[in-house]
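The sequence lines fix the lettering, A, B, ..., with proteins before strands; numbering per chain opens at 1.
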Number of protein chains: 2
Amino acid sequence: MPRTVDREARRRELAEALWRVVRREGIDGISVRSVAAEAGTSAGALRHWFATQDELAAFSLRAVVDRVGERLAVSLPGLAGVEAALFLLEQMLPLDEQRRAETEVYLAFLGRPHAEGPLREIRGVAEAASRQAVAAAVRLLAGDGGLHPDRDPASAVDLLYPLVDGLALHSTLWPDRYPAEHVRAVLRAHVHALAGPP
Amino acid sequence: MPRTVDREARRRELAEALWRVVRREGIDGISVRSVAAEAGTSAGALRHWFATQDELAAFSLRAVVDRVGERLAVSLPGLAGVEAALFLLEQMLPLDEQRRAETEVYLAFLGRPHAEGPLREIRGVAEAASRQAVAAAVRLLAGDGGLHPDRDPASAVDLLYPLVDGLALHSTLWPDRYPAEHVRAVLRAHVHALAGPP
DNA sequence: CCTTTTCTAACACAGTTGTACTGCTATGGT
DNA sequence: ACCATAGCAGTACAACTGTGTTAGAAAAGG
């Protein structure tokens, strides 16, 4: 048998090259050739792994979404109540280099609101997952006295969810004005306030 | 002298053609030819008004930002306190067709966080203006008993500002899941809550 | 060592892109 | 009436794009 390569790992590797191009040059910077060069290979080789450019883009975006999803699915490291909820929410914020990369790439793919096709579908999944993660965080709060009994969990999610994405957006676009500590502080302040009466 | 055209109006007209292309096909849909066709003219004519594509893009984005800015600067129509604050904040949300168009176009230009040049500068101005508008809204609240004395105005802005942009983001990307009424309701609920103790 | 499979590079090609340039048209001042 | 010129269309061109095609290299089994 001929040489064999870990197929999934290879595709992931090429997707990461696309991420780097997107972060450096924006979504317009993506081309079969530029991504191939970034990955240290050729356009022909890239085509061996992804039949079309759209397939590469879809795979790359899905890889980002999956990575965040995996972090969200992991059991919380011995935390409970408010701390557990914050841990969960912070998985969706650009608080370190890895999460910043994820947010930037994801943002780059948002420029076409009405887009159709696989990319739109992936975004739809990501959106639903994000909202569910926020809902899970609110449930963690509610189960541990972190949510005041007079507060409606659904309303708490309605506010917390856009707040999280808004913070992610600002911190990604203006990391100097809205650094990780600021994002974390605003989030913590609000989550702690949820323990009080409305 | 030869025939003369309202130069600024003509440029604005072409910018609006670019908006339509961006909304229909996304930021990638922009090309000298596609925008010219959308405006019912030729690529050569477009070049007569904008030396380069970047100049056209910058002018178009600035036009969006200016339009929102003008609405924010207009004196409030006989409102005060909470209602005035809400009116101000709602100018930045995609609550009708015009504002939805603005938000979509602006979002389309956000895909390159680290971008440099005029586009980045315009975005910087828009970001600062948005934040100041939110701060103005909070001041309106504070001056009319809409902000509880135990609340810190700066903290209120720190939360309200990303909330507004997060709502705008969600409503633009998922108008079906987050329609105008939902956005308005979440915003009103939070602003009214600011009158209570923290 | 040799065969077979997998992988890669290189080239080909048609289409699109931004920009430049040329010349035509119509208009307002003289 | 005349014509200088703003406005515009059309063409040209080099660069780059995505996608095919083809031939060769690399590696694991016999």
Side-chain angles (χ1 to χ4, degrees), chain A residues 1-22 24-62 108-109 111-112 115-120, chain B residues 1-22 24-61 108-109 111-112 115-119:
Chain A
M1 280 291 177
R3 68 173 164 176
T4 173
V5 169
D6 184 335
R7 306 185 66 86
E8 209 53 27
R10 185 78 178 110
R11 285 162 70 93
R12 186 88 166 216
E13 203 177 315
L14 296 169
E16 286 176 14
L18 181 142
W19 298 351
R20 289 195 295 276
V21 172
V22 166
R24 181 159 18 92
E25 305 173 32
I27 194 88
D28 294 339
I30 298 179
S31 82
V32 176
R33 288 164 178 80
S34 68
V35 174
E38 175 67 32
T41 180
S42 69
L46 217 175
R47 195 176 142 60
H48 179 77
W49 294 100
F50 299 98
T52 71
Q53 180 178 248
D54 285 348
E55 192 184 323
L56 166 62
F59 180 89
S60 301
L61 180 58
R62 193 177 348 247
F109 277 96
R112 221 168 317 170
E116 295 179 8
L119 259 58
R120 177 168 184 82
Chain B
M1 279 293 177
R3 68 174 161 174
T4 173
V5 170
D6 183 335
R7 306 184 65 84
E8 209 53 28
R10 186 78 179 111
R11 286 163 68 95
R12 185 89 167 212
E13 201 177 316
L14 296 170
E16 287 176 13
L18 181 141
W19 298 350
R20 290 195 295 276
V21 172
V22 166
R24 180 160 17 91
E25 306 173 30
I27 193 86
D28 294 340
I30 300 178
S31 81
V32 176
R33 287 165 179 82
S34 68
V35 174
E38 175 67 32
T41 181
S42 68
L46 220 173
R47 194 173 145 59
H48 179 78
W49 294 101
F50 299 98
T52 69
Q53 180 177 251
D54 284 349
E55 192 184 323
L56 165 62
F59 180 89
S60 301
L61 180 58
F109 277 97
R112 223 167 315 172
E116 294 180 10
L119 258 58

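- Applying a 4.0 Å cut-off to non-hydrogen atoms, the residues of residues 32-43 of chain B that approach DNA chain C are B:V32, B:R33, listed by residue number.
- For the OP1/OP2 pair of C:dC7 and a distance below 4.0 Å, the side-chain nitrogens and oxygens of A:R7 include at least one atom meeting the criterion.
- The phosphate of C:dT8 (OP1 or OP2) has a side-chain N or O of A:R10 nearer than 4.0 angstrom.
- When each of A:A51 and A:G29 is assigned the nucleotide of DNA chain D with its nearest heavy atom, A:G29 is the one assigned upstream, toward the 5' end.
- To the nearest angstrom, P of C:dT17 lies 13 Å from CG of B:L46.
- One atom, CZ of A:F50, and another, C1' of D:dG20, lie 19 Å apart when rounded to the nearest Å.
- The ring-ring contact (aromatic ring centres under 6.0 Å, His included) analysis of residues 35-61 of chain B, with sequence neighbours excluded, yields the pairs B:F50-B:F59.
- For A:V35 against A:A17, the heavy-atom pair with the smallest separation is O-CB, 3.9 Å.
- The heavy-atom pair separating B:A57 from B:L18 by the smallest distance is CA-CD1, 4.4 Å.
- Per the geometry, CG belonging to A:D54 stands 16 Å off P belonging to D:dT17, to the nearest Å.
- Nucleic acid contact class of A:I30 (heavy atoms, under 4.0 Å, all strands): sugar-phosphate only.
- In terms of phosphate contacts, B:R47 brings no side-chain nitrogen or oxygen within less than 4.0 Å of OP1 or OP2 of D:dC8.
- With sequence neighbours excluded, the residues satisfying side-chain hydrogen bond (donor to acceptor under 3.5 Å, both in side chains) with B:E13 are B:R10.
- Closest to the A:H48 side chain, of the nucleotides D:dT19, D:dC8, C:dC7, is C:dC7.
- With sequence neighbours left out, the salt bridge (Lys or Arg N to Asp or Glu O under 4.0 Å) criterion links B:E38 to B:R20, B:R24.
- OP1 or OP2 of D:dA6 has not a single side-chain nitrogen or oxygen of B:W49 nearer than 4.0 Å.
- Annotation: side chain to side chain contact (heavy atoms under 4.5 Å, CB included) contacts of A:A58 (sequence neighbours excluded): A:R62, A:P118, A:L119, A:I122.
- Applying the salt bridge (Lys or Arg N to Asp or Glu O under 4.0 Å) rule to A:D28 yields the partners B:R112; only residues at least two apart in sequence or on another chain are considered.
- Side-chain N/O atoms of A:T52 include none lying less than 4.0 angstrom from OP1 or OP2 on D:dG18.
- In this structure, A:Q53 atom CD and C:dT16 atom C1' are separated by 14 Å, rounded to whole Å.
- Across the protein-nucleic acid pair, B:D28 atom CG and D:dC16 atom P stand 18 Å apart, rounded to whole Å.
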